[in-house]
Participant: 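My questions will all concern the structure given below.
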Amino acid sequence: MKEEDEAVEWSGSWVSQRLGVELVGDDGLKELLGLALRRNPKRAHLLVSHVLGKHVPQKPSVVYGHGYELGLRVRELLGHEEAARAVVLGYAETATGLGHSVADGLALAPYLHSTRRPVDGVGRAGGFEESHSHATSHLLLPEDPKLLAGEGPLVLVDDEFSTGNTVLNTIRDLHARHPRGRYVIVALVDMRSAEDAGRLDGFAREMGARVDLVAHTGGTVRLPEGVLEKGQALVAAHEAARAADPAPGSSGEAPGGPGGDGPGGVGGVGGVGGTDATGGTEGRAGNAPRLPHVVRVDLDWPAHIPDGGRHGFTPAHRTELEAALPAMAHRVAEALGGDGPAERGGARPRTAGAAATPETDRSPRVLVLGFEELMYAPLRLALELERSGAVFEVRYSTTTRSPVLAVDDPGYAIRTRLVFPAHDEPADGPGERYAYNVADGGFDAVVAVVDSAADTAALHAPDGLLAQLAAHIPRVVLAVVPSYLPAPEREPMLPEPLRGPEFSSYAPDEVGWLLQDLSDVELEAPTEEREEAIQSGGAHYAESLPVEYQPSDAYQELFHAALETSAARIARAVGAVTDTVLAELPQRHRPGTPPHERRPVLVSLARAGTPVGVLMRRWARHRHGLDLPHYAVSIVRGRGIDANALRWIAAHHDPADVVFVDGWTGKGAITRELAAALGEFDGFVPEIAVLADPGGCVRTYGTREDFLIPSACLNSTVSGLISRTVLRTDLVGPQDFHGAKYYRELAAADVSGHFLDTVQARFDEVADAVDADVKELLSADRAPTWAGWAAVERISEEYGIHDVNLVKPGVGETTRVLLRRVPWKILAKRGAGADLDHVRMLAEQRGVPVEEVDDLPYSCVGLIHPRFTRGATGADGKAVAAQ
């Protein structure tokens, strides 16, 4: 590409002419932005910044200067005192360097950026999703957990402020954890529509906080109807044409790639991925591979200075880095000139696809190329090279994971691309990575700057980044910055389990609760408020508690009648599941383990699993004389199991002995949650033993019939007076157990002991039946069928709900819907009898229709109101039909 072309034609005209996309705004907007096409199913266009240093090589002073000037403006806005209390948060991957530059301009504030790279041993202080991105999950991993817990202003930095969804969702999430009075949003360009712009004031009022916006310039993108589909079709057509005509030098491919020669290029190299606009030229055969000339330079980067803001970067770190930069830049300059302390590749794997080694002693035009989230360190090195005058001309950009179409046209922002495999072993698995506008950029040398986590064999492979650079640029220098890892903290001592009577009405030997006591915290909210917050995405169900249901006299009579009727049936299921566990436990142990060490450790999932765990423990002692340890832990759908509770258990028992216990299965969501959560822990078996498995979700159960388990009829008063578990970041820290409340004030209504004693009284009566059941179970095929999940998906679509989380199958789950949520309707299996008496009573009390249906694998299914707002209930508080 030629700079004189860029001066004549705007780098967004190609997209604008073909899709009708318009960029409208302040003077100078088009000097900051061009347009390209995403290879992304969520958004057609990409705003390409000329000053961000991501996709378009730019002078480091221009890139750094734009961020630094924004930081000065934020400091002026806040004033010295508030600026000294602020924290700056940047977004991965595009704005990590911009955010850091803003923090430099602000001067007084520490800096943190989100990351898509999990780091072992570093706890998460939060996370969020970016809805339009190709790679959505962001993590917040500060070394100091208190970094985001202060009350000073939070400054959030992104390259563009478009819909505002990502930033506002971040503020909402962090505000719920650590409320602040002031937020400042910083962007290079404010590209919101008029509708989106009006949301900011309302959002600030909703949060009860001041929210300011600072940007260099503003405007908006006008998108014609159907632009996404048209953009996708244009990308597909362009890539198809490129695949059909892969000749070197055709649209989007830089000369000098594999199979062609160009300025600074070499002949084709077999097996080397190439430069192309559409993904059609990688791996073309050519001449035999040659080793590249890659020079490794030792930066002597101070080990205690972080490579960026992934774990936090303080003003003190900034001062130390600035003192070290001149010497590091001098080393790079010497490597570019071929002299000095630089080391040749050494024992590192050599790369195929070498360009010829330049004869010159100095490189007149140099690109410093950063790596994905590693933007700030290479930017500061490039800036120091530019300021020192050690090289004639310096440009700066970085590699990216963002897939963009490249078109070699002066009116298009992404002229060429290099394609290479990811080389930092990313958490989301292998994939392509890209460097844009690097090939055919007229560079005499490139300094590739990566962190040590990315200095892998894949970087040096025949199709790796270094080979791609060497195929197009005469001199390649590799500089590796050590990946900063926070010092490991000493594992804090976890507390001992809570036990009755101080916590719960159960006897102390019945269960140890691996929870923290939140009895003095006000956590209850009206059912309608909770439902609206949950369905709107404003809150997670585990962040609050429903008001405890106080049963009427008639309902309590129904509970006692149901208990008398079903006690023997429950006792039989308890015996069957317990003896199945005892029979199969030895299979988990190494050969030669003494029999007395083969003892299950029951870990019930609080709270529905806890009464079942107590009954299983009582059966093992009554029938076999075994005294089984029993603990209760928290598991939260969408957030996993309590990791600290598992660590405590692993420190006190063999994980192979642990048997997770729950009351029943619905559609199997918790079964899946447990299996996913245990992937991070060694030795635990990711299976659940349940009393009843009507959903066909587990292989260890007492029965697969869907029948009334009376403990499902009530809440805390049948579960030791313990609430459901709570997980809220302002109450539960990284080293805490999840929380729960002990409702001591409900002692007069407590039937927990009565329920257990009534079932235990039937143990001897069902012993022979249990023996027969276990014999049959051990010889049967008990593989999960997931029939319940299929039924739930069918019901969700059939009733227009389109969310399986709002379909609650089985007697137990339906009862929970009626007691805790806003029910819409109840589906009852035609001909279901007394097992549903309590369901019918609760439905009548709440004005919920009960619809009898055929072909239901459960006795009943509860449907939560699918589009709930507080207007979805009438003046009497009863549910009305969804529209």
Side-chain angles (χ1 to χ4, degrees), residues 53 57-69 71-72 96-111 294-310 312-344 360-371 374-398 443-452 455 475-484:
Q58 180 57 271
K59 291 181 179 179
S61 56
V62 171
V63 176
Y64 187 73
H66 275 78
Y68 193 88
E69 194 271 335
L72 292 176
T96 59
L98 175 65
H100 213 142
S101 303
V102 169
D104 283 0
L106 193 57
L108 304 173
Y111 175 65
V294 176
V295 174
R296 177 184 291 270
V297 59
D298 180 6
L299 291 174
D300 197 21
W301 182 281
H304 63 283
I305 297 179
D307 51 299
R310 182 178 287 113
F313 197 97
T314 67
H317 288 141
R318 184 180 307 119
T319 300
E320 293 182 78
L321 176 61
E322 288 176 348
L325 276 169
M328 289 192 285
H330 179 69
R331 286 172 169 267
V332 173
E334 288 182 321
L336 289 168
D339 301 319
E343 305 170 10
R344 294 299 166 93
T360 179
D361 287 336
R362 94 180 222 173
S363 301
R365 196 162 195 266
V366 174
L367 172 68
V368 177
L369 184 68
F371 156 64
L374 187 73
M375 296 187 70
Y376 182 72
L379 173 59
R380 294 305 308 269
L381 280 169
L383 183 63
E384 192 65 30
L385 281 173
E386 183 183 21
R387 288 174 173 172
S388 70
V391 295
F392 176 73
E393 186 176 331
V394 184
R395 291 291 185 271
Y396 161 79
S397 65
T398 74
F443 297 112
D444 301 289
V446 58
V447 182
V449 184
V450 303
D451 60 14
S452 55
D455 185 21
R475 190 175 188 88
V476 179
V477 173
L478 174 64
V480 180
V481 178
S483 300
Y484 181 76

Participant: So do the side chains of Ser397 and Leu369 get within less than 4.5 Å of each other, counting heavy atoms only?
Facilitator: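 Sidechains of Leu369 and Ser397: in contact.
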Participant: Could you check whether Arg380 makes a cation-pi contact with Tyr64, meaning its NZ or CZ is under 6.0 Å from the centre of the six-membered ring and within 45° of the ring axis?
Facilitator: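 Judged by the rule, Arg380 and Tyr64 form a cation-pi pair.
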Participant: Determine whether Arg365 and Val446 make a side-chain contact, defined as any pair of heavy atoms from C-beta on separated by less than 4.5 Å.
Facilitator: no
Participant: Stepwise, does the side chain to side chain contact (heavy atoms under 4.5 Å, CB included) test hold for Trp301 with Leu321?
Facilitator: CA-CA 9 Å; Trp301 182 281; Leu321 176 61; 3.6 Å; yes
Participant: If we only count heavy atoms from C-beta on, is the Arg318 to Asp104 side-chain gap below 4.5 Å?
Facilitator: yes
Participant: Using only atom types and a distance under 3.5 Å, with no angle test, would you say the side chain of Ser452 pairs donor to acceptor with the backbone of Ser483?
Facilitator: yes
Participant: Any side-chain heavy atom of Phe313 sitting closer than 4.5 Å to one from Ile305?
Facilitator: yes
Participant: Side chains of Pro315 and Tyr111: does their closest heavy-atom pair fall under 4.5 Å?
Facilitator: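 Not touching, per the 4.5 Å side-chain cut-off.
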Participant: Is it true that Glu384 and His330 share a donor-acceptor pair across their side chains at a distance under 3.5 Å?
Facilitator: no
Participant: Work out which heavy atom in Ala382 is nearest to a heavy atom in Tyr396; give both atom names and the distance.
Facilitator: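 Closest heavy-atom pair between Ala382 and Tyr396: CB-CB, 4.2 Å.
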Participant: Apply side chain to side chain contact (heavy atoms under 4.5 Å, CB included) to Leu374 and Val449, showing your working.
Facilitator: CA-CA 8 Å; Leu374 187 73; Val449 184; 4.2 Å; yes
Participant: So that I can tick it off, tell me whether Glu393 and Arg395 are bridged by a salt bridge, with the cut-off set at under 4.0 angstrom between side-chain N and carboxylate O.
Facilitator: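 The answer is yes: the pair qualifies as a salt bridge.
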Participant: Report the residue from Val447, Val297, Val450 that forms a side-chain contact (heavy atoms from CB on, under 4.5 Å) with Leu478.
Facilitator: Val450
Participant: Does any N or O in the side chain of His66 come within less than 3.5 Å of the main-chain N or O of Val63, such that one atom is a donor and the other an acceptor?
Facilitator: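 Side chain of His66 to backbone of Val63: no pair is present.
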Participant: Is there side-chain contact between Val368 and Leu385, with heavy atoms separated by less than 4.5 Å?
Facilitator: yes
Participant: Mind checking whether Leu325 and Leu381 have side chains closer than 4.5 Å, heavy atoms only?
Facilitator: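 Yes, side chains in contact.
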Participant: Spell out, as yes or no, whether a donor-acceptor pair under 3.5 Å connects the side chain of Asp451 to the backbone of Pro482.
Facilitator: no
Participant: Do Ser101 and Leu379 have side chains that approach each other closer than 4.5 Å (heavy atoms only, starting at C-beta)?
Facilitator: yes
Participant: Specify the closest pair of heavy atoms between Met375 and Thr398, including all atoms of both residues, with the distance to one decimal.
Facilitator: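 Met375 and Thr398 have their closest heavy atoms at CG-CG2, 3.8 Å.
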Participant: Are Asp444 and Arg475 ion-paired here, with the side-chain N under 4.0 Å from a carboxylate O?
Facilitator: no
